[in-house]
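The structure appears right after this line, and notes come after that.
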Amino acid sequence: MPELPEVETIVRDLRPVLKRRKITGVSRLPTKMRRAEPIDWTGSLVGLSWKRVTRRGKWIVNELSADCHLLIHLGMTGQLQVQKMGGNEIDHLHLQIELDNGKCLQFRDVRRFGAVRFLTAEQALATYFDEEGLGPEPFQVDPAYWFKRLNSSQRNLKALLLDQGIVAGVGNIYADEALFRARLAPVLRGCDLKPAQAESLRLAVEEVLQDAISKRGSTIRDYIGGSGLKGGFQNNLRVYGRTGDPCVRCSMPVAKIDLAGRSTHFCPRCQVGNGRQPLGSKEGR
DNA sequence: ACAGGATCCTGGGGGC
DNA sequence: TGCCCCCAGGATCCTG
């Protein structure tokens, strides 16, 4: 389930491989993808070449010539790799872009929760994400903005972290991990946050994402990097997927609840809820 | 405004 | 062995 660190890893892997490559053909079209745009993919893409590969939130941004952009969202099971042409047949291949060096960029997505968008020069990228309501990058969050966005909401912290309009790129794994690092209970409401707690959460989000990037992300199930390598951060997760294991700080068993429609892992003892106590913890006020 | 559920989608795993 | 059911969760939509 790729979140920001996994997407960043893929972007870094693909960047040198796609640099200046020209598109010579499109041999698999994303027609089975959900929300697939009914455009002429071959006519739009063939002849264009890569300028840069970047990332915005969980989106992979391919900057192409003629000011066009190919945006790819991996959803939950998306994989993006460059392979040699004529390899083994691959299941769930939804986009195959042939390159001028005998290789191809393959977008595979078993569950089709991902998305592919093509933007022409007229559909400027500069305004696209703003219009989509995507929030700031986690490493560029203004502390005043952060406190205001959180503190003006009655929603719980888990839901706020998952909201891509507040901060882009955080998913279920790193939301739980950031809350653990900040010692804040996921059920705590934004409006209950004190400024210092909001700030420690902001820093925890930055820190956990940075740590995960340095380990090439977490491979829980399907994720592989752009070079086919698995991530290494799954071994550093402190609460996600560790239900019942002793908390690394206080040895209380890690709890799992359903929150904001997602499985949510936390330590009931050392993640404080400012009075909002989920499972009989004695912490907080 | 917010919570919660349903939806999309498939493969893996547990239980029987 | 085989079958059924549940689970995973990114984003979006709908309802209460």
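Lettering follows sequence order; numbering is per chain, from 1.
- Comparing atom distances between the A:H92 side chain and each of B:dT10, C:dG10, B:dA1 picks out B:dT10 as nearest.
- For B:dA3, the OP1/OP2 oxygens have a side-chain nitrogen or oxygen of A:N156 closer than 4.0 Å.
- Here the side chain of A:K58 is nearest to one of B:dC9, C:dA11, B:dG11, namely C:dA11.
- Between A:S153 and B:dC2 there is a side-chain N or O to OP1 or OP2 distance below 4.0 Å.
- The CZ atom of A:R111 sits 10 Å away from the P atom of C:dA8 (whole-angstrom rounding).
- For the residue pair A:Y128/A:R56, the side-chain donor-acceptor check at 3.5 Å is not satisfied.
- Side-chain nitrogen and oxygen atoms of A:Y240 include at least one within less than 4.0 Å of the OP1 or OP2 phosphate oxygen of C:dG9.
- Judged by ring centres under 5.5 Å apart and planes tilted less than 30 degrees, A:F113 stacks against the six-membered base ring of C:dG9.
- Closest contact between the side chain of A:K256 and the listed nucleotides C:dG10, C:dA8, B:dA1 involves C:dA8.
- Using cut-offs of 30° and 60° for the angle between ring planes, the A:W59 and A:F129 rings count as tilted.
- A salt bridge links A:E89 with A:R28: at least one charged nitrogen is closer than 4.0 Å to a carboxylate oxygen.
- A:N236 places none of its side-chain heavy atoms less than 4.5 Å from the side chain of A:D211.
- The separation between A:L162 atom CG and C:dG10 atom C1' is 9 Å, rounded to whole Å.
- Taking every side-chain heavy atom of A:Q164 into account, C:dA11 is the closest of B:dT10, C:dG9, C:dA11.
- Candidate nucleotides B:dT10, C:dG9, B:dA3 were compared by shortest atom distance to the side chain of A:R112, and B:dT10 ranks first.
- Of the two residues near DNA chain B, A:R262 and A:Q154, the one whose nearest nucleotide lies more 5' is A:Q154.
- Distances shorter than 4.0 Å separate some side-chain N or O of A:S263 from OP1 or OP2 on C:dG9.
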